[in-house]
Amino acid sequence: MSVDSLFKNARTKTILAPMAGYTDFAFREICRDYGVGLTVTEMVSSKALVMNSELSRKMLYRLDGDKPSVCQIFGHEPSVMAESVTLDEVKQYDGVDINMGCPVKKIVGNGDGSALLENMPLASKCISAVKKAIGDKPLSVKFRLGVADCNNAVDFAKMCRDAGADYITVHFRTRKQMYAGTADFSLLEDIVSVGLPVFANGDIVSREQYLSLINRGAYGVAIGRAAVGRPYIFAEIAGLDYSMDLYGVIERHALALSKVFADRVVCNELKKHVAFYLKGKRSAKNTVVACNSAHSTQEILNLVDGFITENPQFACIANR
């Protein structure tokens, strides 16, 4: 199965980039409504899955309408990673993505994520092992330009190709940059020349950027932070009309999460999303602060409802 099969019904070649703590199944479904082409789960530890971690398995809960979607795993032990993708929780997805780009100190310190940028032979073994285990399903690798510079970015892409990856997603920053500065797409054409479909990631916020990157050879784009609080960005990129009922989408997010998690978990998860849904809206600061101190999901919903009642101009966000 090729990457083309994942996008055969998509209006645009867009991916909701995986973000720990944000791309839960509820948010993925919401982005689906606004036209995202492909969603990716939060990154999940392959070792935790093999060790039967209840939380890790819950993170892979999937709603029926979330198609196509791929599961992102991280790790550095080829045999463990291969075993993890044979589990039912992973097999329910339409493909697998390996995280080789996460710059977080804890992840890197364990030899995972972008630590593999410094160990190309091991990274190759991980990719090959996972590809063998998933068979015909598409396998992707997400990585950054490098650790402190981008000197090995093209070689890393070639390694992914030779190890069996079907496509790659490149965050056009280095690990040292973390999420600061601006993404540098100057190597896009060189990476595309490797011969794998390339999804460009980093600072993409408009249809104009999407079209520019496609014209430069990118197969598609992956959008992460720009979608949080603004799931309609995928409709904007597709050139579609859209509207978003602010309270309705937050309530829907909460109700979906409550199918799997206890209210204290839903409450804490919702706080992060509400902060982004209200970001930049006049007079929202006090509501966000109050939400962060809330002890229940209903308390958060009441606060959001109160904010919208006082600020009806924010009740619906639309471009029509």
Side-chain angles (χ1 to χ4, degrees), residues 15-28 38-63 66 69-134 137-144 147 156 160 163-165 168-169 171 175 178-179 201 222 224-225 257 260-262 265-266 268-269 272:
I15 295 177
L16 172 62
M19 293 174 286
Y22 289 96
T23 49
D24 53 59
F25 65 89
F27 186 63
R28 297 199 305 269
L38 177 71
T39 64
V40 187
T41 69
E42 300 173 72
M43 66 177 190
V44 181
S45 165
S46 56
K47 177 172 281 189
L49 287 171
V50 170
M51 294 178 67
N52 200 28
S53 162
E54 182 181 1
L55 177 58
S56 295
R57 295 193 174 207
K58 279 187 174 182
M59 286 171 64
L60 296 185
Y61 183 84
R62 181 183 186 183
L63 293 168
D66 186 20
S69 184
V70 303
C71 172
Q72 187 184 75
I73 60 170
F74 70 91
H76 65 275
E77 299 166 281
S79 61
V80 174
M81 295 175 74
E83 183 180 354
S84 72
V85 298
T86 66
L87 300 173
D88 289 342
E89 288 83 356
V90 179
K91 287 170 66 177
Q92 67 175 315
Y93 283 89
D94 305 297
V96 172
D97 180 64
I98 302 176
N99 184 308
M100 295 189 176
C102 180
V104 176
K105 187 176 181 179
K106 179 181 178 181
I107 300 295
V108 175
N110 287 332
D112 304 325
S114 61
L116 289 165
L117 293 172
E118 301 178 274
N119 192 340
M120 217 176 295
L122 179 56
S124 177
K125 290 177 182 177
C126 292
I127 296 168
S128 296
V130 172
K131 182 58 183 176
K132 183 177 180 181
I134 65 172
K137 284 188 175 181
L139 173 65
S140 63
V141 179
K142 185 177 183 187
F143 62 93
R144 286 181 172 237
V147 176
F156 200 87
C160 291
I168 54 177
T169 300
H171 186 146
R175 184 173 83 197
M178 295 291 287
Y179 298 97
N201 177 223
R225 289 177 294 165
L257 290 177
V260 178
F261 299 106
V265 177
V266 177
N268 288 330
E269 291 300 307
K272 297 180 292 186

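When all heavy atoms of K142 and N201 are compared, the closest pair comes out as NZ-OD1, 3.1 Å. The shortest heavy-atom contact between R62 and S69 is NH2-N, 3.7 Å. Contact between A129 and P78 at its shortest, heavy atoms only, is CB-O, 3.6 Å. Of all heavy-atom pairs spanning A165 and I127, the tightest one is N-CG2, 3.9 Å. Minimum heavy-atom separation, C71 to T41: CA-OG1, 3.6 Å. G164 approaches L139 most closely through the heavy-atom pair O-CD2, 4.4 Å.
Rounding to the nearest 0.5 Å gives a distance of 8.5 Å between CD of E54 and CG of N52. For the atom pair T39 OG1 and D66 CG, the distance stands at 3.5 Å (nearest 0.5 Å). In this structure, the separation between CG on L60 and CG on L87 is 9.5 Å, given to the nearest 0.5 Å.
For the pair P103/H171, no side-chain contact is recorded, criterion being any heavy-atom separation below 4.5 Å from C-beta on. Side-chain contact between S46 and F74: absent, with no pair of heavy atoms (C-beta onward) separated by less than 4.5 Å. Residues V130 and I73 are in side-chain contact: their nearest non-hydrogen atoms beyond the backbone lie under 4.5 Å apart. Two residues are said to be in side-chain contact when any heavy atoms from C-beta on lie closer than 4.5 Å; C102 and D112 fail this criterion. Annotation: side chain of N99 is not in contact with side chain of I107 (no heavy-atom distance under 4.5 Å).
Without hydrogens or angle criteria, H76 side chain to L116 main chain gives no donor-acceptor distance under 3.5 Å. No side-chain donor-acceptor contact under 3.5 Å links R225 to the backbone of M19. Between the side chain of D24 and the backbone N or O of A26 there is at least one donor-acceptor pair closer than 3.5 Å. Counting only distance, with no hydrogens or angles, the side chain of Q72 and the backbone of D97 share no donor-acceptor pair below 3.5 Å. Side chain of K137 to backbone of Y93: a donor-acceptor contact under 3.5 angstrom is found.
The number of heavy-atom neighbours closer than 6.0 Å to NZ of K125, taken from other residues, nucleotides and ligands shown, is 12 or below. In M178, the CE atom is crowded: over 12 heavy atoms of neighbouring residues, nucleotides or ligands sit closer than 6.0 Å.
Sorted by first and then second residue, the side chain to side chain donor-acceptor pair (under 3.5 Å) pairs involving residues 79-90 (not counting sequence neighbours) are R57-E89.
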What's the verdict on side chain to side chain contact (heavy atoms under 4.5 Å, CB included) for F261 and E269, showing C-alpha distance, side-chain angles and the deciding distance?
CA-CA 10 Å; F261 299 106; E269 291 300 307; 5.9 Å; no
Side chain to side chain contact (heavy atoms under 4.5 Å, CB included) between V90 and V44: does it pass, once the steps are laid out?
CA-CA 10 Å; V90 179; V44 181; over 6 Å; no
Before you tell me yes or no, could you show the steps for M100 and C126 under side chain to side chain contact (heavy atoms under 4.5 Å, CB included), namely the whole-Å CA-CA distance, both residues' side-chain angles and the distance that decides it to 0.1 Å?
CA-CA 10 Å; M100 295 189 176; C126 292; 4.1 Å; yes
If you apply the rule side chain to side chain contact (heavy atoms under 4.5 Å, CB included), what do you find for T23 with V40, and how did you get there?
CA-CA 7 Å; T23 49; V40 187; over 6 Å; no
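Legend: residues meeting ring pair (Phe, Tyr, Trp, His ring centres under 6.0 Å) with F25, ordered by chain and number and at least two apart, are Y61.
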Check: residues 117-124 side-chain donor-acceptor pairs under 3.5 Å, at least two apart:
from, atom 1, to, atom 2, distance (Å)
E118, OE1, R175, NH1, 3.2
E118, OE1, R175, NH2, 3.3
N119, OD1, L122, N, 3.2

